[in-house]
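Data first, discussion second: the structure below is written as structure tokens.
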Amino acid sequence: EEALEVSNSLFELGMLNVRVAKFADAEPFFKRCLDIREKVLGKEHPDISSVLHNLATVYAECAKYPESEALYQRCLTVREKALGKEHAAVAETLMNLGSLYDHQGKHAEAEAVGRVSDPAVHAVHRAGQFAVRPAHVLGDAIALPGLRAGLPDGVVRGVAGDADAGAEEAKVDADQR
């Protein structure tokens, strides 16, 4: 249990660096956190998915695209197995993976991910699990078809599936959409 407490502290230090856009500084915290969680919980445990997701995001921000893609794919596998294909966290990972592809000019792959993510995004929307996030949090994800429709400039609807990132998100009630 002490190891998991250390892991949680490392995760928070990584998130602190992400929040101030020090992505390269966040990387070692997330890597060490992932190492601890994998040793204590196992490589397929759902509690590693938030670390995988955030480390993938850090890699994307540092232009380490192959590493980012591999971690998003692994995160997606863990989340789909643990949470189901229509969970908010799955939709979030799919949107970020699509954004990663789009950013690299892999538009066919981005479109394919968009088609796969569409049912998850719609399920999340119906369940009222969307949150308002600043556009920079999801980056190019707003370029994916249908994600930006009807939203004010500078704001994109993201999913509130990552409990570790939830502190900055404000839930949007279904009746406000």
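On a predicted model such as this, the values are computed, not experimentally measured, just so you know.
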Could you list the donor-acceptor pairs under 3.5 angstrom formed by side chains in residues 24-36, with sequence neighbours left out?
unit_1: E27; atom_1: OE1; unit_2: K64; atom_2: NZ; d: 3.0
unit_1: E27; atom_1: OE2; unit_2: K64; atom_2: NZ; d: 3.3
unit_1: R32; atom_1: NH1; unit_2: D35; atom_2: OD2; d: 2.9
unit_1: D35; atom_1: OD2; unit_2: K39; atom_2: NZ; d: 3.2

If every non-hydrogen atom of [X] is compared with every non-hydrogen atom of [Y], which pair is closest and at what distance?
X: G98; Y: V113; result: N-CG1, 3.7 Å
X: V51; Y: R37; result: CG2-NH1, 3.3 Å
X: K85; Y: V90; result: O-CG1, 3.7 Å
X: V40; Y: A3; result: CG2-CB, 3.9 Å

If we ignore angles and hydrogens, is there a donor and acceptor under 3.5 Å between the side chains of E69 and Y101?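 Yes, because at least one side-chain N or O of E69 sits under 3.5 Å from a partner of the opposite role on Y101.
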
F23 versus N17: any side-chain heavy-atom pair under 4.5 Å?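 No, every pair of side-chain atoms sits at 4.5 Å or beyond.
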
I'd like to check the salt bridge (Lys or Arg N to Asp or Glu O under 4.0 Å) partners of E38; sequence neighbours left out, ordered by chain and number.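 Result, salt bridge (Lys or Arg N to Asp or Glu O under 4.0 Å) vs E38: K43, R74.
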
Cluster question for you: counting only ILVMFWY and a side-chain heavy-atom cut-off of under 4.5 Å, with indirect links fine, are V58 and L13 together?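 Result: no, two separate clusters.
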
Would the distance check show the side chain of R79 and the main-chain N or O of A89 forming a donor-acceptor pair, the cut-off being under 3.5 Å?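 Yes, because the side chain of R79 sits within donor-acceptor range (under 3.5 Å) of the backbone of A89.
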
Does the Q104 side chain pair with the main chain of L100, one donor and one acceptor, at a distance under 3.5 Å?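 Yes, the answer is positive, given that a donor and an acceptor are paired below the 3.5 Å cut-off.
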
With sequence neighbours left out, what residues match H107 under side chain to side chain contact (heavy atoms under 4.5 Å, CB included)?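 So H107 forms a side chain to side chain contact (heavy atoms under 4.5 Å, CB included) with D102.
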
Out of T57, T93, T77, which residue meets the side-chain hydrogen bond (donor to acceptor under 3.5 Å, both in side chains) rule with Y72?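 Output: one option passes, namely T57.
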
